[in-house]
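The structure appears right after this line, and notes come after that.
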Amino acid sequence: MPLRLEQDGPVARLLIDRPDKRNAMTQAMWEALPRLVGQAMADDAVRVLLLASATPGLFCAGADIHELAACAGDPDWSAANQAAIRASQYALAHAEKPVIAAIDGDGVGGGCGLAIACDLRIASPAARLGITPAKLGIVYSLFDTKLLVDLVGPARARRILYTGALHSADEALSIGLIEEIAPDPLGAAHALAHIIAANAQHSVRTSRAIVRRILDGQADDDATTLALFRDAFTLPDFAEGVAAFRARRRPDF
């Protein structure tokens, strides 16, 4: 399977496995990705999801250009393709649990689009990232572009889109396109995932949801967010956190 889901305790891995095509995404893969994300979100044992390549040295070369060129003249296929790509990014960006991209190679076009839909990105020193519609004469959707603007700001987003340039890991780190460089990005992502998984999941998931509300345009508390603050004090995670603090032990969430 070119996409598959694996589980290691509280951490699930969504692996892209099409190495002969540099993990380029076909329509079938775009359509499968939201289902696999949903499967991880529905599994109570999973606390963090990683997005990575099954093959070291790769991440994702983006959409399969050969398929795109062959099918782009079909308006029904083009509409389905646009919907599937958006659904994939939306599933990652709006997932209930944290999602970390481990980028061990090039993340180009739609591959970079998948990475920026995740919460956090860890890349290898050899990784390169870029969004390249200007190299192909195509236009990215507003949702896709907003993910980039939210991450790096409008001026840097414009430069990335206008030039279509590939950015080294160091450059990507300096502009906020990634958060960390590690020789083994999947190993580093696993280590970070286990730190997150050991914390109070109500706090982690609610914080994620509030950040998403801010990115979606909410600027002040409403009845829902005020209730989230109040209700946390009544939940078992708070009781365990206080008990562990008083006993000077690690909490068991």
Side-chain angles (χ1 to χ4, degrees), residues 13-16 18-19 21-25 33 48-65 68 85-86 88-89 92-93 98-193 195-196 208 211-212 214-215:
R13 295 184 296 269
L14 178 50
L15 299 175
I16 311 171
R18 198 179 177 222
K21 299 296 183 181
R22 297 174 57 237
N23 287 344
M25 298 283 289
L33 192 145
V48 182
L49 176 63
L50 307 184
L51 177 66
S53 170
T55 303
L58 295 175
F59 184 64
C60 178
D64 187 313
I65 300 301
L68 186 64
I85 292 172
R86 185 187 190 282
S88 292
Q89 289 187 296
L92 294 168
V99 186
I100 304 171
I103 307 165
D104 191 12
D106 288 353
V108 181
C112 189
L114 288 174
I116 64 176
C118 298
D119 291 272
L120 299 166
R121 286 144 296 277
I122 301 175
S124 70
R128 297 184 301 171
L129 292 100
I131 298 180
T132 54
K135 301 288 188 182
L136 294 169
I138 60 177
V139 177
Y140 276 27
S141 71
L142 189 144
F143 181 75
D144 200 336
T145 305
K146 184 179 184 301
L147 292 173
L148 180 64
V149 172
D150 285 341
L151 191 61
V152 302
R156 285 175 174 148
R158 291 186 190 106
R159 187 180 182 93
I160 289 169
L161 292 168
Y162 296 173
T163 65
L166 295 184
H167 299 270
S168 69
D170 287 335
E171 291 170 336
L173 182 65
S174 71
I175 64 175
L177 199 53
I178 62 173
E179 288 74 47
E180 182 180 343
I181 299 174
D184 175 11
L186 185 55
H190 265 284
L192 177 58
I195 292 172
I196 295 169
R208 188 190 202 282
V211 170
R212 174 47 55 191
I214 294 168
L215 291 173

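Numbers here are sequence positions counted from 1. Please read these numbers as outputs of a predicted model, since none were measured by experiment.
- One N or O on the side chain of Asp119 and one on the backbone of Val99 form a donor-acceptor pair closer than 3.5 Å.
- Note that the CG atom of Leu51 and the CG atom of Leu33 stand 7.0 Å from one another [nearest 0.5 Å].
- For the atom pair Asp144 CG and Ser88 OG, the distance stands at 11.0 Å (nearest 0.5 Å).
- Taking 4.5 Å as the limit, some side-chain heavy atom of Ile65 sits within range of a side-chain heavy atom of Leu136.
- By the 4.5 Å heavy-atom criterion applied to side chains, Ile138 and Pro133 are counted as neighbours.
- Contact check on Asp64 versus Lys21 returns no salt bridge, with no Lys/Arg side-chain nitrogen under 4.0 Å from an Asp/Glu carboxylate oxygen.
- The structure places CG of Leu14 at 13.5 Å from CD1 of Ile100, a figure rounded to the nearest 0.5 Å.
- Side-chain contact between His167 and Ile160 is present, with at least one heavy-atom pair separated by less than 4.5 Å.
- In this structure, Arg159 places its CZ atom where only 12 or fewer heavy-atom neighbours from other residues, nucleotides or ligands lie under 6.0 Å away.
- In terms of heavy atoms, Ala102 sits closest to Phe59 at O-CD1, 3.4 Å.
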Output, in order, the C-alpha distance, side-chain angles, deciding distance and verdict of side chain to side chain contact (heavy atoms under 4.5 Å, CB included) for Asp184 and His190. CA-CA 10 Å; Asp184 175 11; His190 265 284; over 6 Å; no
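- The minimum heavy-atom distance between Ile178 and Ala123, with the atom names listed, is CD1-CB, 3.7 Å.
- Listed here is the closest heavy atom pair of Val152 and Ile175: CG1-O, 3.5 Å.
- Separation of atoms CD1 (Ile103) and CG (Leu58) is listed at 13.0 Å; rounding is to 0.5 Å.
- The two residues Ala169 and Ser124 have their closest heavy-atom pair at CB-O, 3.3 Å.
- Considering every non-hydrogen atom in both Ala54 and Leu15, the closest pair reads CB-CB, 4.1 Å.
- Leu151 has its side chain within reach of Arg121: a pair of non-hydrogen atoms, C-beta onward, lies under 4.5 Å apart.
- To the nearest 0.5 Å, atom CZ of residue Phe143 and atom CD1 of residue Ile85 are 12.5 Å apart.
- Within the model, atoms NZ of Lys135 and OG1 of Thr163 stand 7.0 Å from one another, a figure rounded to the nearest 0.5 Å.
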Could you walk me through whether Leu148 and Leu177 satisfy the side chain to side chain contact (heavy atoms under 4.5 Å, CB included) test, starting with their C-alpha distance in whole Å, then the side-chain angles of each, then the deciding distance to 0.1 Å, before giving a yes or no? CA-CA 8 Å; Leu148 180 64; Leu177 199 53; 3.9 Å; yes
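- Nearest heavy-atom pair, Cys60 versus Leu114, reported as atom, atom and distance to 0.1 Å: SG-CD1, 4.4 Å.
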Working note: Ile116 + Ile131, criterion side chain to side chain contact (heavy atoms under 4.5 Å, CB included); need CA distance, chi angles, decisive distance, verdict. CA-CA 11 Å; Ile116 64 176; Ile131 298 180; 4.2 Å; yes
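- Counted within 6.0 Å of CZ on Arg128, heavy atoms from surrounding residues, nucleotides or ligands total 12 or fewer; the atom is thus considered open.
- For the pair Asp104 and Ser53, the minimum side-chain heavy-atom distance is 4.5 Å or more.
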